[in-house]
Trainee: 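Got a structure here, written out as structure tokens. Questions coming.
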Amino acid sequence: MSVPQFQEVAPGTFVRRHSELDLNCGLVVGSRRALVIDTRSTTARGEGLAAAVREITPLEQVVVNTHAHYDHCFGNAAFRDSQIYAHVGAAASLQRTAEHQRSQVVEHLRRTERPDLAQTYVDTEVVLPFYLVDDEVTPIDLGDRTAYLLFGGRGHTDHDLVVAVPDVSTVFWADLIEQGADPAMDDSFPLEWGATLARLQEHPHVRDAQLHVPGHGEVVEPAFIAQQRATLSALADDLTSALAAGVQDVDGLVAKTRGLGLTDSTLRDAAVRTLETRSGAAEVNAAP
Ligand SMILES: [Zn+2]
């Protein structure tokens, strides 16, 4: 398997797309510091990423974990000397779920006869992010340029951070946007995700951006973001109408949400999460 290279998608702005899970990591290089966006899924893979970063810049590294899913932050140990930023909810989630996430991946890899890879997960030390933010906007000064961590509300998780780099008109969306596969619903808030995207799209650092990097898949254009937002907003509308009509079960919700271009498996996950999270969502919807 060939080693992935960082591709410079805009001046001083790089994307490294990995074969495992089609994961994208980002790198934004200033005059004093460089921002690394997500750290991959194991310490060994994180070390590979760190080496790739050093080929591009010797500057001090700052890291952001966009959210607490293992594929985005289990490589943190390779960056333990750096400031690691995340939303306060990401640190809490990682603390609560890391061992469960690890055991699920290890079990899956052993079942599919990849024991060596499974062992790299066993050997991985989970390092929690410790520069925790909960503001809507957190500027990261890199020297001569600033990257902004944006929190727009609940969506793929309850703590997704987006990274906007306005001087090159670029946004790293993490898993709030996914190319090549449906948005992943397992920990999501399906009734709120579309509205969160809408809020973020209106942000001055995002509004005019031309280059959009999803958490997984190809770099996309603004039309793709608009399309995914429309799909997720339509999903929320369909779910809301179905709940209002008294639909209370997963099969019923799936039947009411077909036709949006999402697979039944995605709709099923969305339905499960809707039923799990709707008391909080009902409060939001009940607001005048
Ligand atoms: Zn994720």
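For reference, positions follow the sequence shown, starting with 1. Indexing begins at 1, ligand by ligand and atom by atom, following the structure's order.
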Trainee: How close do Phe6 and Ile56 get, heavy atom to heavy atom, and via which atoms?
Mentor: CB-CD1, 3.3 Å

Trainee: Look at Arg273 together with Asp187 and state whether they make a salt bridge at an N to O cut-off of under 4.0 Å.
Mentor: no

Trainee: Charged N to carboxylate O below 4.0 Å: is that the case for Asp22 and Arg17?
Mentor: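 Yes, charged N to carboxylate O under 4.0 Å.
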
Trainee: Sorted by chain and residue number, which protein N/O/S atoms are under 2.8 Å from the Zn ion (ligand 1)?
Mentor: His67 NE2, His69 ND1, His156 NE2, Asp175 OD2

Trainee: Which salt bridge (charged side-chain N to carboxylate O under 4.0 Å, His left out) pairs, counting each pair once, include a residue from residues 81-105, with sequence neighbours left out?
Mentor: Glu99-Arg102

Trainee: Pairs in or reaching into residues 109-131: which pass salt bridge (charged side-chain N to carboxylate O under 4.0 Å, His left out), with residues at least two apart or in two chains?
Mentor: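 Counting only pairs at least two positions apart or across chains, the salt bridge (charged side-chain N to carboxylate O under 4.0 Å, His left out) contacts touching residues 109-131 are Arg80-Glu125, Glu107-Arg111.
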
Trainee: Show every salt bridge (charged side-chain N to carboxylate O under 4.0 Å, His left out) that has at least one partner inside residues 233-255, sequence neighbours left out.
Mentor: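 Qualifying pairs, neighbours excluded: Asp251-Arg268.
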
